[in-house]
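Whatever order the structure lists them in is the order used to number ligands and atoms, beginning at 1.
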Amino acid sequence: MKYQFADDFWWGSATSAPQSEGAAARDGKSQNIFDYWYEIAPERFHHQVGPSETSTFYDNFQQDILLLKNLGHNTFRTSISWSRLIPDGDGEVNPKAVAFYNALIDSLLAQGITPFINLYHFDMPLCMQQQGGWESRAVVDAYARYAKTCFSLFGDRVSHWFTFNEPIVPVEAGYLNDLHYPCVIDFKRAITVAYHSVLAHAKAVSEFRALGNQGSIGIILNLSPTYPRSDSQEDGVAAHYADLLLNKSFLDPVTKGRYPDDLVNLLRANDLLPLTAPEDAQLIADGVVDILGVNYYQPRRVKAKEGYQASDPVTMPEDLFSYYAMPGRKINPHRGWEIYEKGLYDILMDLKENYGNIPCYISENGMGVEGEEAFIGASGRVEDDYRIDFIRDHLKWLHQALSEGSNCKGYHLWTFIDCWSWLNAYKNRYGLVRLDRESQQRTIKKSGYWFAETARQNGFD
Ligand code: BGP
């Protein structure tokens with residue numbers, strides 16, 4: 001069977017400024033929270049490898065964009081680093097950053113690759129964090145000014161904008177689970193961070209629309225579909241709460257312009273509602289996106305929490321459900337994530353049926369593998385057939401969703417060149433291109449050739 005995609009289907013990959021650029025302390029860039037956290041707690045990072053040089057995209061972007069071209073990309077996402085563009089968070093623009101992002105955008109366009117530009121990928125400038133980060137409305141306003149600056153500087157050439165990548169990750173990792181700086185564990189503060197992220201998103205959308213620039217504005221969410229362990233009512237309730245807190249808490253406001261009543265009621269009953277201002281509801285209503293990016297890596301399987309009583313007070317999300325490891329599941333042992341290709345189809349069908357079939361695309365999907373040097377063959381390239389299988393099997397389900405009317409416009413892999421990851425540094429490699437960290441040499445993997453061919457043919461057999 002031939003899996004054919006539309007002629008204008010987006011083939012590409014995604015990265016982020018903090019994970020690829022390097023030059024973290026050069027040319028006027030100030031520290032973001034990861035730069036700072038590495039300075040004070042290097043032991044939290046795999047093999048104590050920090051974000052300072054990552055994959056040297058800042059220095060090598062021109063050659064890397066030629067590689068992207070060879071990899072069949074017609075689109076490519078990266079982010080702008082707030083701490084590079086506006087080193088004090090809310091003041092003067094850094095001319096060296098403007099020159100860099102201009103050159104990057106122009107080089108992509110010169111190769112016929114459409115830039116997708118994201119404004120925030122977990123990388124709060126440290127000076128903004130010191131003013132409260134997303135807990136502060138002043139920081140929300142500073143972010144909106146930063147967004148407006150980006151639209152004004154680059155909007156003549158960039159027509160695909162995204163306000164945030166996975167805004168729930170800084171909430172979960174930074175304010176619930178002690179995985180990212182500032183390592184707070186506090187549900188109420190986490191809810192404020194989440195709420196203010198939605199406000200920041202909505203303010204950026206309104207700045208974008210006020211400027212009347214060409215193009216679209218969207219957001220990128222990690223939508224893990226939620227599956228209950230069984231058909232029992234208890235497991236169903238657990239899945240409902242997990243979905244409400246971990247998917248709908250962002251998905252609904254950015255696509256429907258309002259929060260689900262169930263979520264508001266749950267938070268109210270537990271005295272967890274954030275402080276709101278009278279103008280917030282309209283702002284959120286006006287912040288509905290033009291397009292949704294969907295990052296999909298793994299499903300979320302849940303079961304009823306042992307001893308759960310509906311009347312119990314909720315002090316953390318996991319008072320309402322427990323995670324469930326399904327026996328016999330397929331797993332990527334390096335990352336510990338289940339591989340469930342159909343989940344991608346389930347998300348797209350949910351968007352079709354319950355979210356007005358909003359235009360969307362798969363903005364991240366990928367497989368991180370440790371020790372890939374063991375797969376280097378005689379030709380010197382990584383023979384990553386497992387990655388080809390992973391991509392192809394997800395694309396089959398994407399194709400199925402398209403045949404059933406999904407409005408999915410493309411597929412971006414995470415990522416093009418092996419890049420630095422938040423805590424895992426270079427442990428798990430995701431790229432179509434291998435990075436030799438010593439020499440910084442790039443070598444296309446087998447999956448890179450496969451991806452390029454698939455993109456050129458708009459499909460595969
Ligand atoms: C997503 C992030 C990416 C990337 C990817 C892989 O959640 O948007 O930034 O890191 O996950 O995950 P990890 O790097 O943790 O293996």
Please walk me through it: do R437 and E53 pass salt bridge (charged side-chain N to carboxylate O under 4.0 Å, His left out)? CA-CA 10 Å; R437 285 190 51 230; E53 291 310 322; over 6 Å; no

Can you confirm, on distance only, whether ligand 1 has an N/O atom lying under 3.5 Å from any N/O atom belonging to E364?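 N/O-N/O distance below 3.5 Å exists for this pair.
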
Under 4.0 Å, heavy-atom basis, I'd like to know which part of N165 is in contact with ligand 1: side chain, backbone, both or neither.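 Looking at N165 and ligand 1, just side chain atoms fall under 4.0 Å.
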
Test of understanding: given a 4.0 Å heavy-atom threshold, classify the contact between W337 and ligand 1 as side chain, backbone, both, or neither. side chain

Could you list the residues that satisfy ring-ring contact (aromatic ring centres under 6.0 Å, His included) with Y386, not counting sequence neighbours?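 In terms of ring-ring contact (aromatic ring centres under 6.0 Å, His included), with neighbours along the sequence ignored, Y386 is linked to F375.
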
Within 45° of the ring axis of Y361 and under 6.0 Å from its six-membered ring centre, is that where the NZ or CZ of R77 lies? no

Could you tell me which residues satisfy salt bridge (charged side-chain N to carboxylate O under 4.0 Å, His left out) with D123, sequence neighbours excluded, listed by chain and number?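 With neighbours one apart ignored, the set is empty.
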
Hey, is E341 close enough to K396 for a salt bridge, meaning N to O under 4.0 Å?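 No, E341 and K396 are not salt-bridged.
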
Which atoms from ligand 1 have a heavy atom of [X] less than 4.0 Å away?
X    : answer
H121 : 2 (C), 3 (C), 8 (O), 9 (O)
Q19  : 3 (C), 4 (C), 9 (O), 10 (O)
R335 : 13 (P), 15 (O), 16 (O)

Examine distances only and state if a side-chain atom of H196 and a backbone atom of V140 form a donor-acceptor pair shorter than 3.5 Å. no

Can you tell me the protein heavy atom closest to atom 13 (P) of ligand 1 and the distance?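 The protein heavy atom lying closest is S421 OG, 3.4 Å.
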
Shortest protein contact, atom 7 (O) of ligand 1 (heavy atom only):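 So the nearest neighbour among protein heavy atoms is E166 OE1, 2.6 Å.
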
Pick from W414, Y430, Y297, W422: the one approaching atom 11 (O) of ligand 1 most closely through a non-hydrogen atom: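 Closest candidate by heavy-atom distance is Y297.
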
Quickly, which of E373, E372, Q441 forms a side-chain hydrogen bond (donor to acceptor under 3.5 Å, both in side chains) with R434? Name it, please. E373

